[in-house]
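In the text below, chain A, chain B and the rest are named by the order of the sequence lines, each starting its count at 1.
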Amino acid sequence: MSQQETAWCPGCGNFSILNTFEEAVKKAGIDRRNLVLVSGIGQAAKFPHYTEANLFNGLHGRALPAATGIKIANHTLNVVITSGDGDMYGEGGNHLLHAMRRNIGVKAFVHNNQVYGLTKGQASPTSEWGFHTKLQPEGVINAPMNPLAMGIIHDISLVARAYVGDREHLREMMVEFLSHEGGFALLDILQPCVSFNKLNTYQWYSERVQPIGSDHDPCDRQAALELAGQWEDTIPTGIIYRSEREPFESLLPALKEAPDGLCEKS
Amino acid sequence: MDINVRIAGEAGQGIETAGEVLAQALADAGLYVFAAKSYMSRIRGGLNWYDIRISDQALFSGKENSDILLSLTAEGIKTLQGKAGSQAVVIADKATAENSSGCNCLDISGTAKTAGGSKIMANMVAAGVVFGMLPYDIEALSQQIRQAFDSKGEEMVKKNLKCAESGAELTKGLSDKLLFPQSGGADSFLCSGTEAVGMGALSAGVKFASAYPMTPATGVITYLAKHAREYGIVVEQAEDEIAAVNMVCGATFAGACALTATSGGGFALMAEGLSLSGMMELPVFIVLSQRPGPATGLPTRTAQQDLRFAVHGGHGEFPRAIFAPGTPEEAFKLTRKALATAHTFQSPAILMMDQFLADYVTNTAPLNTAYRPIDKQITTSPGEDYRRYKITENGVSPRAVPGGDALVKADSDEHDAEGHITENLSIRIEQHDKRMRKEKGIIEDSIAPMRYGPQDAQELIINWGSSYGPCREAVDTLNERGHGIAMLHFAQVWPLKTEEIKKAIQGDAPSWPELTCVEGNSTAQFAGLLKEQGIIDSRKPLLKYNGMPFTGIEIAEAIESD
C-alpha cells in the first residue's frame with residue numbers, strides 16, 4: 001500500500017474497496033509494473049494514489065477515453081479504471097456508451113454510491129426516483145441509469161455487480177476482473193456514502209443484496225437482462241453477463257502485427 | 001503569364017473530380033498549377049467551383065477572376081460570369097443555359113449521354129472541353145483519366161476517355177484570343193496541406209490518431225486511415241472531440257506518438273484536454289484547421305480566426321508551441337517539427353492550418369517521406385527512485401512509460417514530483433515553475449520568421465500561416481512595379497522570440513519599416529500578439545474575413561492604393 005494520506009471520510013466504503021483490491025492484486029498475482037490505474041475526478045477517482053501502480057488520474061468523466069488510448073498504445077498493459085458513478089455514468093456517460101460499442105479491453109471498477117460526494121451531495125445518474133438532495137429538494141424526477149443493462153445490450157465481455165459490504169465476494173469479483181483478458185469488463189460496486197446518502201445505507205443494501213445463484217447462465221442474454229433489471233426487493237450480485245465478443249484491440253491490424261503495441265521505445 | 005480556369009456546378013456533379021484530373025494533367029504537362037476548391041456545406045445542389053490557375057512560373061496564390069469559366073449549371077453562370085475577365089471565354093451547358101448572353105453554349109450533358117451513356121459524365125466532357133482549349137498534349141489528360149477511373153474497371157475508363165475526347169472536339173476556335181503559358185519544367189507532384197500533414201505525421205512515426213470528423217480537418221485523419229495498414233498505425237473515429245484528445249493523452253502517456261485533428265468548434269471541446277496535456281506534460285499534437293466562426297460559422301470556408309484561441313485556449317497556464325505553415329511543403333516540415341517539439345519539451349504542440357491551405361494543391365518539390373521517426377525521448381532506464389515530475393533546471397523531467405521498471409504516475413491535479421495529488425502550496429509553486437521553465441527552451445528552439453524580398457525594405461508585410469503565398473505574390477507584383485517591399489512570414493506564432501523578431505523586422509532598413517499585417521480575421525490577432533509582446537507598435541492591418549482566401553492581386557492593390 002502507498003504512503004499517501006487518503007482524503008476519504010471515516011467509514012467510507014472506499015477503504016474496504018481499497019483493502020480488498022490490495023488482496024485481489026496479490027491473489028491474482030498481478031505485476032504492478034504492468035498495471036495502469038486510470039480515473040477521472042471525484043472521491044473514488046483518488047483511489048489510484050492510495051495503492052502502488054502506474055496511474056493516470058485524468059479529467060472528470062474522461063477515464064474511459066484515456067484508458068482506451070493507453071490500451072491501444074500498449075495492449076500488453078493491464079488497464080483498470082477505478083472511479084465513481086458521477087465520473088463514469090454522468091460526466092463520462094457518452095464515453096461509456098462508446099467504450100461498450102468498442103468492447104475495449106479495459107476493466108472498470110465503478111464505486112457506485114448513488115450520490116455525488118466531492119461536490120457535497122447532489123443526485124448522481126444512479127440516484128433513486130424521489131431521492132432528496134439540496135439541489136433536488138423535490139426529489140429526483142429522472143429515471144436511474146442502468147449501466148449493467150447497457151453493458152449487456154452492447155454485448156461487452158463481462159458485466160458484474162458487487163457490494164462493498166460483502167468483501168469476500170468483492171475480492172472474488174476483483175480477482176476475476178484483474179485476471180480477465182477479453183474486452184470491456186464493467187464491475188459496478190455498490191457502496192453506501194456515509195456522508196451524503198441517507199437512503200442507500202449499509203442496512204438498506206444488506207437487506208437487499210443477494211449473490212446470484214449457480215443456476216444462472218451468464219451467457220444467456222435474456223436472463224442476464226432480467227437480473228440487471230432487478231432492484232426493488234433483491235439486488236443480485238456476481239457475474240451477470242459474459243460474452244465471447246472479440247475485444248477492440250484484437251481487431252486492429254496494427255496491434256496484431258506489433259505485439260508490444262504502438263509504443264516501441266526510442 | 002498565367003491564366004485561371006474555373007469549372008462550376010452543383011455538389012454531386014463531379015466538379016472536384018474534373019478539377020483534380022485537370023490539375024494533375026496540367027502539372028504532368030510541366031505547368032505550374034495552383035488549384036483550389038470553393039464549396040458549400042451540402043452534399044447535393046448549390047454552387048461549387050474549382051479553380052486551376054496555370055503559369056510558366058511558380059504560383060503561390062489563386063486569383064478572383066477567371067479567364068475560362070465553364071459552368072454545368074445556370075446558377076454558376078449567373079454568379080460567376082461577373083468574375084470572368086473581359087477577354088474571358090465563358091462556356092455554359094446548352095441544356096441549362098441556352099439564353100445566357102456572352103456565353104458559348106456547348107452541348108456538354110448531351111455529349112456525355114452520347115459518348116458515355118449518362119449525363120453524370122458531363123464532368124469529364126467539361127474536362128475535355130477545357131483541355132481542348134489549351135495548347136498542351138491531350139495525352140496528359142487521358143493518362144489522368146485512366147488513373148482516376150482505373151479502380152472502376154476498363155469499361156468506365158473507356159467511357160470517360162470518350163467523354164473527354166468528345167468534349168475536346170467541341171472547342172474549335174473558342175480560345176483563339178487567349179494567351180497561354182508555355183509548358184515547362186514544373187514539378188509534377190501536386191500536394192495539399194492536408195496530404196503534407198499526413199505524410200509528415202507518417203514519416204515522423206505517429207502511431208495513433210483519434211479524431212471526430214470536422215471540416216476542414218477531416219482530410220488529415222482520412223489520409224492516415226488510408227495508410228494505416230502500411231505504416232502500422234491505429235486510427236480511431238472518436239465519439240466526440242473530448243474523447244479524441246483524451247485518447248491521445250492516454251496514448252502518449254503509454255508511449256505512442258499520437259495526434260488529433262479538428263477545427264475551431266472541436267478545438268473548443270478539446271480545451272480541457274489541452275490543459276490536461278499541459279499539466280501531465282504529455283507530448284500531445286493537435287492539428288487545428290480553421291474555418292470562419294463564431295459557432296458553426298461558414299463550415300466550408302477559410303479563416304485565420306483562432307490564433308488567440310490556440311494561444312490562450314485551455315484553463316490555467318502552461319507552455320505550448322504553435323506552428324502555422326504557409327505552404328504544403330512547410331506543412332510537411334512543421335508537422336515533423338511540431339511532433340519533435342512536443343516530445344522534447346513534453347508539452348502540447350498545435351499546427352494551425354485553414355480550409356485554404358488544407359485544400360489547395362500546388363506543385364511541390366518531392367518531400368522526403370522516408371520513415372524517419374522522431375526521437376520520443378523516452379527513458380528506458382528510469383532507475384529505482386524514478387519520479388515522473390522531478391524538478392530540473394530546464395523544466396524537462398525524464399519521461400518513462402508504464403510497463404517498464406518504474407511506476408509512472410500522472411495526475412491532472414497539482415502533484416508532487418512522484419505524480420501524486422497534492423495541496424501543498426510550495427510544491428504547487430515548484431511544479432508550476434518547473435512546467436513554465438520549459439517555455440524558455442521552446443523559445444530557443446523556435447523558428448525565426450522568414451524574410452522574402454529586399455533586406456533594406458522600408459515597407460514590410462507581416463503574415464502568418466496560409467496567407468504566406470498571396471503575400472509573396474503581392475511582394476513580387478509590387479516590386480515589379482517599383483516598390484521596395486519585403487515580407488516576414490511567421491511559421492511559428494507562439495512563443496515569440498522577441499529580440500530576434502525585432503531585428504528581423506528591422507532588417508537592413510535605415511529606419512523602422514512601415515508595417516502591414518495581413519490576416520484572415522477582423523481583429524488583427526497576430527499583430528495584437530506582437531504588440532502585446534512589445535515587438536511592434538503601430539501597424540496597418542489588411543484583414544479579410546468573408547470566408548474566402550486572400551489573393552496576391554488584392555493584397556498588392558490594397559497596399560498600392562493605400
What's the shortest heavy-atom distance between [X] and [Y], and which atoms?
| X | Y | answer |
| --- | --- | --- |
| Ala254(B) | Leu77(A) | CB-CD1, 4.4 Å |
| Ala243(B) | Pro65(A) | O-CB, 3.6 Å |
| Ala256(B) | Ala73(A) | CB-CB, 3.7 Å |
| Asn34(A) | Gly403(B) | OD1-CA, 4.1 Å |

Exercise for review: Count the heavy atoms of every other residue, nucleotide or ligand shown that sit under 6.0 Å from CZ of Phe248(A), and state whether that count exceeds 12.
Suggested key: yes
Point to revise | Greater than 12 external heavy atoms within 6.0 Å of Arg101(A)'s CZ | key: no
Exercise for review: Using the side-chain hydrogen bond (donor to acceptor under 3.5 Å, both in side chains) rule, pick out the option among Lys46(A), Glu5(A), His49(A) that qualifies with His420(B).
Suggested key: His49(A)
Can you tell me how far [atom2] of [Y] sits from [atom1] of [X], rounded to the nearest 0.5 angstrom?
| X | Y | atom1 | atom2 | result |
| --- | --- | --- | --- | --- |
| Asp413(B) | Ile41(A) | CG | CD1 | 5.0 Å |
| Leu276(B) | Asn57(A) | CG | CG | 9.5 Å |
| Lys207(B) | Asn74(A) | NZ | CG | 14.0 Å |
| Asn94(A) | Glu239(B) | CG | CD | 5.5 Å |
| Leu55(A) | His415(B) | CG | NE2 | 10.5 Å |
| Asn54(A) | Arg388(B) | CG | CZ | 12.0 Å |

Review point. Is it the backbone or the side chain of Glu423(B) that comes under 4.5 Å from a heavy atom of chain A, or both, or neither?
Key: neither
**Study point:** Contact origin within Ala244(B) toward chain A - heavy atom pairs under 4.5 Å
**Key:** neither
Check your understanding: Without hydrogens or angle criteria, can the side chains of Asn246(B) and His95(A) be said to hold a donor-acceptor pair below 3.5 Å?
Key -> no
Check your understanding: Any idea which of Ile233(B), Asp240(B), Val248(B) has the most non-hydrogen atom pairs under 4.5 angstrom with chain A?
Key -> Asp240(B)
Review point. Picking from Val234(B), Asp411(B), Thr422(B), which has the most non-hydrogen pairs under 4.5 angstrom with chain A?
Key: Asp411(B)
Check your understanding: With a 4.5 Å limit on heavy-atom distance, are the side chains of Lys409(B) and Glu52(A) in contact?
Key -> yes
Check your understanding: How far apart are the C-alpha atoms of Val38(A) and Phe253(B), what are their side-chain angles, what is the distance that settles it, and do they pass the side-chain contact (heavy atoms from CB on, under 4.5 Å) test?
Key -> CA-CA 11 Å; Val38(A) 184; Phe253(B) 168 77; over 6 Å; no
Practice item. For the pair Glu236(B) and Arg102(A), find out whether any cationic side-chain nitrogen is under 4.0 Å from an anionic carboxylate oxygen. Key: yes
